Amino acid sequence: MKSLVLACAVIAGAAHAAFPDRTITIVVPYTPGGAADALARQLAVRMGTRLGTSVIVDNRPGASGTIGQAFVARAPADGYTMLYDATPFSINPSLYANLSFTGKSFQPLSLVSLSPNVLIVRKDSPIKDQKDLVAKAKAEPGKLTFASGGSGTVQRLAAELYRQGLNLDMLHVPYKSGGPAISDVMGGQVDFMFGTLAASYPLVTSGKLRALAITSPKRSPLLPDVPTVAESVLPGYEAYEWNGLLLPAGTPDAVVQQLHKAVAESLQEEELKKRFADMGAQPVGNTPAAFADFLQKESAKWSAVIRKGNIKVD
(Lines give C-alpha, C1' and ligand atoms only; values in the text may rest on other atoms or scores of the structure.)
Protein backbone atom coordinates (compact mmCIF):
# COMPACT_ATOMS: atom_id res chain seq x y z
CA MET A 1 0.00 0.00 0.00
CA LYS A 2 2.82 2.38 0.92
CA SER A 3 4.46 1.67 -2.42
CA LEU A 4 1.21 2.51 -4.24
CA VAL A 5 0.78 5.75 -2.30
CA LEU A 6 4.40 6.72 -3.03
CA ALA A 7 3.99 5.94 -6.74
CA CYS A 8 0.83 8.06 -6.92
CA ALA A 9 2.61 10.93 -5.18
CA VAL A 10 5.49 10.76 -7.66
CA ILE A 11 3.09 10.75 -10.62
CA ALA A 12 1.10 13.66 -9.18
CA GLY A 13 4.27 15.63 -8.54
CA ALA A 14 5.48 15.07 -12.10
CA ALA A 15 2.12 16.15 -13.48
CA HIS A 16 2.37 19.44 -11.58
CA ALA A 17 6.11 20.02 -11.99
CA ALA A 18 7.11 23.66 -11.90
CA PHE A 19 7.55 25.30 -15.29
CA PRO A 20 9.96 24.87 -16.94
CA ASP A 21 11.21 21.35 -16.31
CA ARG A 22 12.58 20.62 -19.80
CA THR A 23 14.01 22.26 -22.90
CA ILE A 24 12.14 25.18 -24.48
CA THR A 25 12.21 25.55 -28.26
CA ILE A 26 12.11 28.85 -30.11
CA VAL A 27 10.97 28.28 -33.70
CA VAL A 28 12.45 30.75 -36.19
CA PRO A 29 10.52 30.45 -39.48
CA TYR A 30 13.45 31.76 -41.53
CA THR A 31 16.82 30.41 -42.64
CA PRO A 32 19.83 30.17 -40.31
CA GLY A 33 22.24 33.07 -40.50
CA GLY A 34 19.67 35.79 -41.11
CA ALA A 35 18.99 38.74 -38.82
CA ALA A 36 15.99 37.13 -37.09
CA ASP A 37 17.94 33.92 -36.48
CA ALA A 38 20.97 35.77 -35.09
CA LEU A 39 18.91 37.89 -32.70
CA ALA A 40 16.83 34.89 -31.58
CA ARG A 41 19.95 32.93 -30.67
CA GLN A 42 21.33 35.81 -28.63
CA LEU A 43 18.06 36.07 -26.73
CA ALA A 44 17.66 32.31 -26.27
CA VAL A 45 20.91 31.96 -24.33
CA ARG A 46 19.95 34.68 -21.88
CA MET A 47 16.38 33.47 -21.44
CA GLY A 48 17.71 29.99 -20.68
CA THR A 49 19.92 31.36 -17.92
CA ARG A 50 16.97 33.11 -16.28
CA LEU A 51 14.58 30.19 -16.67
CA GLY A 52 17.07 27.59 -15.48
CA THR A 53 16.71 25.40 -18.55
CA SER A 54 17.97 25.06 -22.11
CA VAL A 55 16.35 27.30 -24.72
CA ILE A 56 17.18 26.20 -28.26
CA VAL A 57 16.45 27.61 -31.72
CA ASP A 58 14.76 25.45 -34.35
CA ASN A 59 14.76 26.90 -37.88
CA ARG A 60 11.71 25.97 -39.96
CA PRO A 61 11.91 28.21 -43.04
CA GLY A 62 9.70 28.34 -46.09
CA ALA A 63 6.71 30.09 -47.66
CA SER A 64 7.54 33.50 -46.18
CA GLY A 65 7.52 32.10 -42.66
CA THR A 66 4.13 30.36 -42.84
CA ILE A 67 5.60 26.86 -42.40
CA GLY A 68 7.12 27.71 -39.04
CA GLN A 69 4.08 29.76 -38.06
CA ALA A 70 1.75 26.83 -38.75
CA PHE A 71 4.00 24.49 -36.74
CA VAL A 72 3.80 26.69 -33.64
CA ALA A 73 0.06 27.27 -34.07
CA ARG A 74 -0.41 23.47 -33.80
CA ALA A 75 2.00 23.01 -30.88
CA PRO A 76 0.79 22.30 -27.33
CA ALA A 77 -0.05 25.49 -25.46
CA ASP A 78 2.32 24.72 -22.59
CA GLY A 79 5.08 27.30 -23.03
CA TYR A 80 7.66 24.88 -24.40
CA THR A 81 7.29 26.02 -28.02
CA MET A 82 7.59 29.68 -28.99
CA LEU A 83 7.58 31.50 -32.32
CA TYR A 84 10.27 34.12 -32.96
CA ASP A 85 8.79 35.94 -35.91
CA ALA A 86 9.21 39.13 -37.89
CA THR A 87 7.24 41.58 -40.03
CA PRO A 88 5.91 38.90 -42.46
CA PHE A 89 3.71 37.69 -39.59
CA SER A 90 1.69 40.91 -40.06
CA ILE A 91 1.77 40.69 -43.85
CA ASN A 92 1.09 37.03 -44.68
CA PRO A 93 -2.63 36.92 -43.81
CA SER A 94 -3.30 39.54 -46.50
CA LEU A 95 -1.22 37.73 -49.12
CA TYR A 96 -1.87 34.03 -48.61
CA ALA A 97 -5.29 32.43 -48.91
CA ASN A 98 -6.32 29.35 -46.93
CA LEU A 99 -3.71 29.58 -44.18
CA SER A 100 -4.23 26.88 -41.55
CA PHE A 101 -4.04 29.46 -38.77
CA THR A 102 -5.07 33.04 -37.94
CA GLY A 103 -3.82 35.71 -35.60
CA LYS A 104 -6.08 34.21 -32.94
CA SER A 105 -3.98 31.04 -33.08
CA PHE A 106 -1.26 32.85 -31.13
CA GLN A 107 -0.70 34.50 -27.78
CA PRO A 108 1.60 37.54 -28.21
CA LEU A 109 4.43 37.50 -25.67
CA SER A 110 6.65 40.51 -26.41
CA LEU A 111 7.91 42.75 -29.17
CA VAL A 112 11.63 42.02 -29.08
CA SER A 113 13.10 44.62 -31.43
CA LEU A 114 12.47 47.26 -34.07
CA SER A 115 14.73 48.06 -37.01
CA PRO A 116 14.03 50.67 -39.70
CA ASN A 117 14.65 50.29 -43.39
CA VAL A 118 16.97 52.57 -45.37
CA LEU A 119 16.19 54.15 -48.72
CA ILE A 120 19.40 53.47 -50.66
CA VAL A 121 20.78 54.32 -54.13
CA ARG A 122 24.10 53.53 -55.78
CA LYS A 123 27.03 55.68 -54.69
CA ASP A 124 27.16 57.71 -57.93
CA SER A 125 23.41 57.97 -58.51
CA PRO A 126 22.19 61.31 -59.89
CA ILE A 127 19.44 61.07 -57.26
CA LYS A 128 21.01 63.04 -54.41
CA ASP A 129 18.06 63.18 -52.02
CA GLN A 130 14.37 62.35 -51.70
CA LYS A 131 13.28 65.52 -53.50
CA ASP A 132 15.34 64.41 -56.50
CA LEU A 133 13.72 60.97 -56.35
CA VAL A 134 10.18 62.34 -56.19
CA ALA A 135 10.87 64.84 -58.97
CA LYS A 136 12.34 62.16 -61.23
CA ALA A 137 9.42 59.78 -60.57
CA LYS A 138 6.88 62.49 -61.44
CA ALA A 139 8.79 63.66 -64.52
CA GLU A 140 9.15 60.12 -65.90
CA PRO A 141 6.15 58.06 -64.72
CA GLY A 142 6.77 54.31 -64.67
CA LYS A 143 10.49 54.54 -65.40
CA LEU A 144 12.02 54.75 -61.91
CA THR A 145 12.70 51.23 -60.59
CA PHE A 146 12.89 49.90 -57.05
CA ALA A 147 14.15 46.50 -55.88
CA SER A 148 13.04 44.20 -53.08
CA GLY A 149 13.70 40.70 -51.76
CA GLY A 150 10.25 39.60 -52.96
CA SER A 151 6.70 40.82 -53.43
CA GLY A 152 5.58 40.01 -49.90
CA THR A 153 8.58 41.47 -48.08
CA VAL A 154 8.56 44.59 -45.94
CA GLN A 155 11.16 45.99 -48.36
CA ARG A 156 8.52 45.90 -51.09
CA LEU A 157 5.73 47.15 -48.87
CA ALA A 158 7.82 49.97 -47.40
CA ALA A 159 8.41 51.19 -50.95
CA GLU A 160 4.74 50.70 -51.80
CA LEU A 161 3.67 52.71 -48.75
CA TYR A 162 6.05 55.43 -49.96
CA ARG A 163 4.74 55.24 -53.53
CA GLN A 164 1.10 55.38 -52.47
CA GLY A 165 1.67 58.21 -50.00
CA LEU A 166 3.35 60.38 -52.61
CA ASN A 167 1.16 59.22 -55.53
CA LEU A 168 4.13 58.09 -57.62
CA ASP A 169 4.25 55.73 -60.60
CA MET A 170 7.31 53.47 -60.22
CA LEU A 171 8.27 49.96 -61.32
CA HIS A 172 8.86 47.18 -58.79
CA VAL A 173 11.69 44.70 -59.53
CA PRO A 174 11.39 41.66 -57.21
CA TYR A 175 14.32 39.37 -56.37
CA LYS A 176 14.44 36.02 -54.59
CA SER A 177 16.16 37.62 -51.58
CA GLY A 178 17.53 40.91 -50.34
CA GLY A 179 21.18 40.19 -51.17
CA PRO A 180 20.86 40.11 -54.98
CA ALA A 181 18.52 43.10 -54.81
CA ILE A 182 21.09 45.24 -53.00
CA SER A 183 23.80 44.06 -55.41
CA ASP A 184 21.80 45.29 -58.38
CA VAL A 185 21.15 48.63 -56.69
CA MET A 186 24.94 48.98 -56.21
CA GLY A 187 25.45 47.99 -59.83
CA GLY A 188 22.92 50.49 -61.14
CA GLN A 189 20.56 47.91 -62.64
CA VAL A 190 17.83 49.22 -60.30
CA ASP A 191 17.41 52.81 -59.13
CA PHE A 192 16.73 52.37 -55.42
CA MET A 193 15.58 50.10 -52.62
CA PHE A 194 14.30 50.18 -49.07
CA GLY A 195 16.98 47.87 -47.67
CA THR A 196 17.28 46.51 -44.16
CA LEU A 197 19.44 48.60 -41.85
CA ALA A 198 21.59 45.57 -40.97
CA ALA A 199 22.46 44.90 -44.62
CA SER A 200 22.61 48.53 -45.76
CA TYR A 201 24.64 50.11 -42.97
CA PRO A 202 28.09 48.64 -43.78
CA LEU A 203 27.64 49.39 -47.47
CA VAL A 204 26.62 52.97 -46.75
CA THR A 205 29.48 53.63 -44.32
CA SER A 206 32.00 52.08 -46.74
CA GLY A 207 30.78 54.38 -49.53
CA LYS A 208 29.34 51.64 -51.75
CA LEU A 209 25.79 52.96 -51.37
CA ARG A 210 24.23 56.31 -50.53
CA ALA A 211 21.44 56.53 -47.96
CA LEU A 212 18.69 59.02 -48.73
CA ALA A 213 16.32 58.35 -45.84
CA ILE A 214 15.47 56.17 -42.85
CA THR A 215 11.96 54.81 -42.29
CA SER A 216 11.71 55.30 -38.50
CA PRO A 217 10.02 58.40 -37.02
CA LYS A 218 13.39 59.47 -35.58
CA ARG A 219 16.85 59.36 -37.09
CA SER A 220 19.01 56.30 -36.43
CA PRO A 221 22.04 56.66 -34.11
CA LEU A 222 23.93 54.57 -36.68
CA LEU A 223 23.20 57.08 -39.46
CA PRO A 224 22.54 60.37 -37.67
CA ASP A 225 22.99 62.49 -40.79
CA VAL A 226 20.38 60.58 -42.78
CA PRO A 227 16.94 62.24 -42.57
CA THR A 228 13.72 60.34 -41.97
CA VAL A 229 11.12 59.94 -44.69
CA ALA A 230 8.64 61.71 -42.41
CA GLU A 231 10.74 64.83 -41.89
CA SER A 232 11.62 65.16 -45.58
CA VAL A 233 8.71 64.34 -47.88
CA LEU A 234 5.97 62.29 -46.22
CA PRO A 235 4.85 63.24 -42.68
CA GLY A 236 3.63 60.31 -40.60
CA TYR A 237 5.48 57.70 -42.64
CA GLU A 238 7.10 54.81 -40.76
CA ALA A 239 7.99 51.22 -41.59
CA TYR A 240 9.88 48.66 -39.57
CA GLU A 241 11.48 45.28 -39.70
CA TRP A 242 10.35 43.96 -36.31
CA ASN A 243 11.04 40.81 -34.32
CA GLY A 244 8.77 39.40 -31.64
CA LEU A 245 7.90 36.31 -29.62
CA LEU A 246 4.54 34.54 -29.69
CA LEU A 247 3.08 31.42 -28.07
CA PRO A 248 0.27 29.08 -29.08
CA ALA A 249 -3.10 30.48 -28.04
CA GLY A 250 -4.31 29.12 -24.71
CA THR A 251 -0.92 29.09 -23.00
CA PRO A 252 -1.57 29.47 -19.23
CA ASP A 253 -1.25 33.04 -18.01
CA ALA A 254 1.27 32.10 -15.30
CA VAL A 255 3.54 30.60 -17.97
CA VAL A 256 3.08 33.64 -20.22
CA GLN A 257 4.09 35.95 -17.39
CA GLN A 258 7.12 33.85 -16.47
CA LEU A 259 8.37 33.78 -20.05
CA HIS A 260 7.70 37.48 -20.48
CA LYS A 261 9.75 38.28 -17.39
CA ALA A 262 12.68 36.31 -18.82
CA VAL A 263 12.41 38.15 -22.16
CA ALA A 264 12.09 41.62 -20.65
CA GLU A 265 14.98 41.12 -18.23
CA SER A 266 17.21 39.65 -20.95
CA LEU A 267 16.61 42.67 -23.18
CA GLN A 268 17.86 44.97 -20.41
CA GLU A 269 21.32 43.40 -20.46
CA GLU A 270 23.86 45.93 -21.72
CA GLU A 271 25.76 43.31 -23.73
CA LEU A 272 22.59 42.22 -25.51
CA LYS A 273 21.59 45.82 -26.15
CA LYS A 274 24.96 46.37 -27.80
CA ARG A 275 24.66 43.26 -29.95
CA PHE A 276 21.23 44.34 -31.10
CA ALA A 277 22.42 47.90 -31.77
CA ASP A 278 25.33 46.58 -33.86
CA MET A 279 22.71 44.95 -36.11
CA GLY A 280 20.65 48.14 -36.31
CA ALA A 281 17.96 46.82 -33.96
CA GLN A 282 16.41 48.60 -31.00
CA PRO A 283 15.40 46.21 -28.17
CA VAL A 284 11.86 46.69 -26.85
CA GLY A 285 10.50 44.04 -24.45
CA ASN A 286 6.95 45.40 -24.09
CA THR A 287 3.98 43.63 -22.46
CA PRO A 288 1.85 40.95 -24.15
CA ALA A 289 -1.06 43.43 -24.34
CA ALA A 290 1.11 46.15 -25.90
CA PHE A 291 2.55 43.68 -28.41
CA ALA A 292 -0.97 42.52 -29.32
CA ASP A 293 -1.95 46.15 -29.98
CA PHE A 294 1.18 46.66 -32.09
CA LEU A 295 0.39 43.57 -34.17
CA GLN A 296 -3.17 44.72 -34.78
CA LYS A 297 -1.98 48.10 -36.07
CA GLU A 298 0.78 46.58 -38.22
CA SER A 299 -1.64 44.09 -39.79
CA ALA A 300 -4.17 46.84 -40.55
CA LYS A 301 -1.52 49.08 -42.12
CA TRP A 302 -0.04 46.43 -44.40
CA SER A 303 -3.44 45.02 -45.32
CA ALA A 304 -4.49 48.47 -46.58
CA VAL A 305 -1.25 48.87 -48.57
CA ILE A 306 -1.60 45.41 -50.14
CA ARG A 307 -5.25 45.95 -51.03
CA LYS A 308 -4.69 49.41 -52.53
CA GLY A 309 -1.62 48.27 -54.48
CA ASN A 310 -3.30 45.00 -55.58
CA ILE A 311 -0.14 43.18 -54.48
CA LYS A 312 0.13 39.45 -55.10
CA VAL A 313 2.85 36.99 -54.12
CA ASP A 314 5.01 35.73 -56.99
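These numbers come from a predicted model, not from an experiment.
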So with a 6.0 Å cut-off around [atom1] of [X], is the heavy-atom count from everything else above 12?
X      : atom1 : answer
Gln296 : CD    : no
Lys261 : NZ    : no
Asp124 : CG    : yes

Closest heavy-atom pair and its distance - [X], [Y]:
X      : Y      : value
Leu234 : Gly165 : CD1-O, 3.7 Å
Ala44  : Val57  : CB-CG2, 4.2 Å
Ala73  : Ser105 : CB-CB, 4.0 Å
Pro20  : Gln258 : CD-NE2, 3.7 Å
Ala181 : Ala147 : CB-CB, 3.9 Å
Pro93  : Leu99  : CA-CD1, 4.0 Å

Where at least one partner belongs to residues 203-216, residue pairs that pass side chain to side chain donor-acceptor pair (under 3.5 Å), sequence neighbours excluded: none
Test log, rule side-chain hydrogen bond (donor to acceptor under 3.5 Å, both in side chains), inputs Asn92 and Ser64: CA-CA 8 Å; Asn92 289 341; Ser64 193; 3.2 Å; yes
With sequence neighbours left out, what residues match [X] under salt bridge (Lys or Arg N to Asp or Glu O under 4.0 Å)?
X      : result
Arg74  : none
Lys301 : Glu298
Glu271 : Arg46, Arg275

Side chain to side chain contact (heavy atoms under 4.5 Å, CB included) evaluation trace for Arg50 with Ser266: CA-CA 8 Å; Arg50 284 174 168 76; Ser266 296; 3.5 Å; yes
Are [X] and [Y] close enough that a side-chain donor and a side-chain acceptor fall under 3.5 Å?
X      : Y      : result
Asp85  : Gln69  : yes
Asn59  : Tyr30  : no
Asp21  : Tyr80  : yes
Tyr162 : Gln130 : yes
Asn243 : Tyr84  : yes

Side chains of [X] and [Y]: does their closest heavy-atom pair fall under 4.5 Å?
X      : Y      : result
Val121 : Leu209 : no
His172 : Ser151 : yes
Gln107 : Leu246 : no
Leu272 : Leu43  : yes
Leu144 : Glu140 : no
Ile67  : Pro61  : no
Ile24  : Ile56  : no
Leu83  : Leu245 : no

Residue list, side chain to side chain contact (heavy atoms under 4.5 Å, CB included) with [X], at least two apart or on another chain:
X     : value
Leu95 : Ile91, Ile306, Ile311, Val313
Ala75 : Thr81, Pro248
Arg60 : Val27, Asp58, Phe71

Rounded at 0.5 Å granularity, tell me how far [atom1] in [X] sits from [atom2] in [Y].
X      : Y      : atom1 : atom2 : result
Glu160 : Ser148 : CD    : OG    : 10.5 Å
Thr23  : Leu51  : OG1   : CG    : 11.5 Å
Ser232 : Leu119 : OG    : CG    : 10.0 Å
Trp302 : Ser94  : CH2   : OG    : 11.5 Å
Leu133 : Leu168 : CG    : CG    : 7.5 Å
Thr228 : Tyr237 : OG1   : OH    : 11.0 Å

Show which side-chain atoms of residues 187-199 pair as donor or acceptor with protein atoms under 3.5 Å away, not counting sequence neighbours.
residue	atom	partner	partner atom	Å
Asp191	OD2	Thr145	N	2.8
Asp191	OD2	Thr145	OG1	3.1
Thr196	OG1	Ala199	N	3.2

Within residues 217-234 or reaching into it, pairs that qualify as salt bridge (Lys or Arg N to Asp or Glu O under 4.0 Å) - sequence neighbours excluded: Arg219-Glu231
Same apolar cluster (I L V M F W Y, side chains within < 4.5 Å links), Val154/Tyr96: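 Yes, one cluster joins them.
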Hydrophobic cluster membership, Val45 vs Phe276, 4.5 Å side-chain cutoff: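 Each belongs to a different hydrophobic cluster.
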Measure from the side-chain N and O atoms of [X] to the backbone N and O of [Y], and report whether any donor-acceptor pair falls under 3.5 Å.
X      : Y      : result
Ser125 : Arg122 : no
Arg156 : Gly150 : no
Ser110 : His260 : no

Evaluation steps, side chain to side chain contact (heavy atoms under 4.5 Å, CB included), between Phe89 and Ser299: CA-CA 8 Å; Phe89 183 87; Ser299 296; 5.9 Å; no
Between [X] and [Y], does any side-chain N to carboxylate O distance fall below 4.0 Å?
X      : Y      : answer
Lys136 : Asp132 : no
Lys273 : Glu269 : no
Asp129 : Lys131 : no

Set of residues satisfying side-chain hydrogen bond (donor to acceptor under 3.5 Å, both in side chains) with respect to Lys274, sequence neighbours excluded: Asp278
Working for side-chain hydrogen bond (donor to acceptor under 3.5 Å, both in side chains), residues Asn117 and Gln155: CA-CA 7 Å; Asn117 289 88; Gln155 300 156 18; over 6 Å; no
ring-ring contact (aromatic ring centres under 6.0 Å, His included) partners for Phe101, two or more places apart: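 Once residues adjacent in sequence are excluded, the partners of Phe101 under the ring-ring contact (aromatic ring centres under 6.0 Å, His included) criterion are Phe106.
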Please output the side-chain donor-acceptor pairs of residues 282-292 that fall under 3.5 Å, not counting sequence neighbours, one pair per line with the distance.
residue	atom	partner	partner atom	Å
Asn286	OD1	Leu111	N	2.8
Thr287	OG1	Ala290	N	3.0

